[in-house]
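Below, chain A is the first sequence line, B the second, and so on; all start at residue 1. What you see is a predicted model, and the numbers here were worked out from it, not measured in a lab.
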Amino acid sequence: MSNSLFYFFAALTLLSAGAVVFLRNAVAAALSFFVSLCCTGVLFVMLDAYLLAFMLILVYAGAVVALFLFIIMLLDMQGGTRKPFTKASMVASAIAGALLLVGVGVFAKHSEFAATAATLPADSSFSTDLKVYGASLFTTYLLPVQVIGFLLLIAMLGVIVLSKRFDGAEDIQ
Amino acid sequence: MNLETYKFAAESNQWWAIMPELMLGGLALALLVLEMILPKKDHRIIPVFSIIGQLAVLAGLIINYRTPFLGDETFSHLLKHTAEGQFMRVFFVVCSMLVTGLGILGLSRQTLPRVEFFHIVLVVTAAMMLLVQSNHFVMFFVSLETITVGFYILVSYIRSNPLSLEAGLKYLISGALSSAILLFGIVLLYGAAGKSQADSMQFGQLRAYLAGTPGDFVASIGVVFVLCGVAFKVGAVPFQIWIPDVYQGAPTPVTAFLAVASKAAGVSVLLLLVRGVFAPYSHIVLPVLVVMTAATILFGNVAALGQQNVKRLIGLSGISHAGYLMLGVIASLTIPAAVNAVYFYLFVYLLASFAVFGVMTHLAGTDDTDQQLDYYGDLAKENPLLAGVLAVGLGSLAGIPPLAGFIGKLFVFIAAYKAGLFWLLAIAIVGVVISIYYYFGWIKAAFFPVWQVPLAEGETDPRPPRKPVSRSLAVTLGALALASVALGFWQAPITEWLAALH
């Protein structure tokens with residue numbers, strides 16, 4: 001049961017992700033992105049990673065897709081025509097795709113696949129509990145969290161610098 | 001999570017070990033506060049304050065060069081303090097001081113906010129210093145993203161100029177793509193190693209896993225993806241597409257920062273990964289790097305040949321320098337001494353590049369993206385100092401004896417010879433010969449009068465007016481040029497410094 005559910009939602013994720021790329025209508029593309037994210041969330045739930053599923057839905061499906069839709073509506077980007085591919089670019093991408101396939105095939109032929117889940121040692125300390133997650137953020141990963149604070153600060157500064165009206169350099173001539 | 005875990009985390013958080021980074025972060029915040037509390041007429045001292053603060057950090061780093069934390073892993077194994085890390089920390093602080101100095105000069109021609117520029121430079125520098133000391137993929141990726149986001153802003157900083165905005169957008173899209181590839185690679189590695197290790201994002205444990213399973217399919221793809229992401233930062237072929245436009249559109253001080261510090265961070269990380277985590281997978285890493293290096297050296301040099309815009313020229317020639325550095329990285333897999341050759345090359349590259357970028361920043365007009373080779377005509381007659389510095393810098397980049405650049409290339413080439421990389425060595429030497437042509441074309445433009453088409457009625461001279469050189473710029477450029485000459489004769493200071501911690 002669980003396996004067939006996995007394949008169903010995995011296929012749905014891929015299908016809707018493909019739809020994001022191939023749909024002409026921007027709103028429809030954004031909504032397929034939403035479907036794709038929700039299906040990924042379901043996959044997380046099936047792995048008992050409720051926190052990850054929750055955050056994925058909340059942050060991406062909730063906030064980011066809503067932002068996309070706002071911007072699409074603000075700019076009124078409905079459809080639009082795409083330039084047909086030139087013969088050269090089609091040949092080039094066909095060659096690149098074939099090379100990629102050959103590369104993956106060569107790798108797959110000469111390498112073995114890792115141990116399956118059954119042989120891995122069970123680890124009781126691992127958990128996707130919110131409490132464990134929060135504790136590790138403030139103990140093990142304290143330094144990266146601090147660095148991310150600076151990252152968000154410069155990102156905010158960047159938005160201000162690049163978009164705010166500036167009246168001229170009164171301080172330096 | 002139990003008490004032991006908390007205790008270990010608390011004990012391993014050695015904040016003293018990252019004091020220079022903390023001080024740079026604090027300095028960056030102090031600049032913002034200063035802008036708020038100082039009256040507007042005093043704002044010009046803020047960048048000077050930043051340089052003085054960085055001098056203090058640099059002094060502290062050099063005094064504590066033999067840090068008691070050497071070889072230790074701190075912050076729950078997220079950081080590892082190595083000899084190479086110590087050298088690169090000094091390197092990045094020197095870079096950021098020079099970029100701040102050039103930033104004062106470059107921004108004085110623009111009506112733009114200023115303090116944010118110096119702030120972001122400091123934050124990016126601190127992130128670079130953490131990046132080269134990282135020992136865990138979480139730390140690695142977070143510092144790398146901080147650097148990249150900082151550069152997105154810095155590249156598009158002259159927002160009144162469409163080319164700068166275009167460069168920012170191009171860098172944003174290609175940078176996001178490369179970050180995604182890198183992250184995908186990290187995730188594949190993590191997925192492959194799974195729970196076989198206690199923490200398979202940590203370099204030492206991941207290496208242990210890779211050594212145990214030399215042919216793992218998922219891990220092999222992960223290794224290649226991570227290499228691709230790093231190659232983008234270095235600017236190696238085939239991930240060099242962004243370089244010409246971004247280098248041209250970015251403000252000249254940022255171009256210098258990208259060309260020197262960002263590339264050095266990439267090369268340093270490449271050394272860290274290739275010699276550390278990915279060492280058990282050298283059967284995959286080596287062919288990838290060899291092909292990239294050969295293509296990088298040839299592409300960079302050939303593409304730079306026809307350039308008329310000096311920013312594009314130095315960007316494309318910078319690709320070939322990335323190639324020479326990667327040659328050293330490949331050699332270091334068999335000859336450990338090649339690591340020092342790479343770091344020596346980086347330092348020499350810093351001196352020569354900033355000499356050239358200093359001259360470029362001074363000569364640029366209001367339109368920072370419009371710096372043609374023709375604008376350098378008669379520079380030697382009007383300003384012998386600038387022309388001399390330019391000649392020394394370009395000569396060092398080209399690798400003309402007796403300048404430092406020659407010795408840097410010699411060290412790398414000797415290492416490559418000892419490692420038996422004869423084909424790559426031959427390609428590199430061909431590349432050097434090609435590079436002499438365009439570097440000397442630039443020197444020729446500065447030293448010999450260029451015939452100009454007489455201006456038509458009502459047409460204005462496109463060349464920006466030449467301004468007198470300020471004393472601080474003259475001293476800085478003179479010191480950089482002198483160091484480039486001196487290191488050509490006497491390399492002991494740097495080589496001893498590199499050997500000091502081994």
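Using a 4.5 Å cut-off between heavy atoms, A:Leu152 makes no contact with chain B at all. Neither the backbone nor the side chain of B:Leu154 comes within contact range of chain A; no heavy atom of the residue lies under 4.5 Å from a heavy atom of that chain. Using a 4.5 Å cut-off between heavy atoms, B:Leu130 contacts chain A through its side chain alone, with no backbone atom that close. Proximity to chain A (any heavy atom under 4.5 Å) is shown, for B:Tyr157, by both the backbone and the side chain. Looking at B:Leu165, there are no atoms closer than 4.5 Å to chain A (heavy atoms on both sides), in backbone or side chain. There is no contact between B:Leu107 and chain A, counting heavy-atom distances below 4.5 Å. For chain A, the nearby parts of B:Glu145 are the backbone and the side chain; heavy atoms of each come within less than 4.5 Å. Both the backbone and the side chain of A:Val104 come within less than 4.5 Å of a heavy atom in chain B. Within the 4.5 angstrom heavy-atom criterion, no atom of B:Ile147 approaches chain A.
Side-chain contact check for B:Ile18 versus A:Leu143: some heavy-atom pair is nearer than 4.5 Å. You'll find the side chain of A:Ile154 reaches within 4.5 Å of the side chain of B:Thr146, heavy atoms only. Inter-residue side-chain proximity for A:Thr140 and B:His77 is flagged as unmet; no heavy-atom pair is nearer than 4.5 Å. Annotation: side chain of A:Val159 is not in contact with side chain of B:Ile153 (no heavy-atom distance under 4.5 Å).
Your options are B:Phe117, B:Phe141, B:Phe75, B:Tyr152, and the one with the most heavy-atom pairs under 4.5 Å with chain A is B:Phe75. Per-residue counts of heavy-atom pairs under 4.5 Å with chain A were compared for B:Ser156, B:Ala126, B:Ala28, B:Gly168; the largest is that of B:Ser156.
Within residues 88-102 of chain A, no residue has any heavy atom closer than 4.5 Å to a heavy atom of chain B. Listed in order of number, the residues of residues 60-68 of chain A that approach chain B to under 4.5 Å between heavy atoms amount to none.
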**Message:** Between A:Tyr141 and B:His136, does the ring pair (Phe, Tyr, Trp, His ring centres under 6.0 Å) criterion hold? Intermediate values first, please.
**Reply:** CA-CA 10 Å; A:Tyr141 299 108; B:His136 192 285; 5.8 Å; yes

**side-chain contact (heavy atoms from CB on, under 4.5 Å) between B:Glu116 and A:Ile160, intermediate numbers included** = CA-CA 9 Å; B:Glu116 289 81 356; A:Ile160 296 172; 5.5 Å; no

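Atom CZ of B:Phe49 has 12 or fewer heavy atoms from other residues, nucleotides or ligands within 6.0 Å.
With sequence neighbours excluded, the residues forming a side chain to side chain donor-acceptor pair (under 3.5 Å) with B:Thr74 are B:His81, listed by chain and number. Not counting sequence neighbours, B:Phe239 has no partner by the ring-ring contact (aromatic ring centres under 6.0 Å, His included) test.
Distance check, rounded to the nearest 0.5 Å: NZ of A:Lys164 to CZ of B:Arg159 gives 9.0 Å. Distance OG/B:Ser143 to CD1/A:Ile148: 9.5 Å, rounded to 0.5 Å. Note that CZ of A:Phe150 and CD1 of B:Ile120 are 12.5 Å apart. Values are rounded to the nearest 0.5 Å. Interatomic distance, A:Leu142 CG to B:Trp15 CH2, rounded to the nearest 0.5 Å: 4.5 Å.
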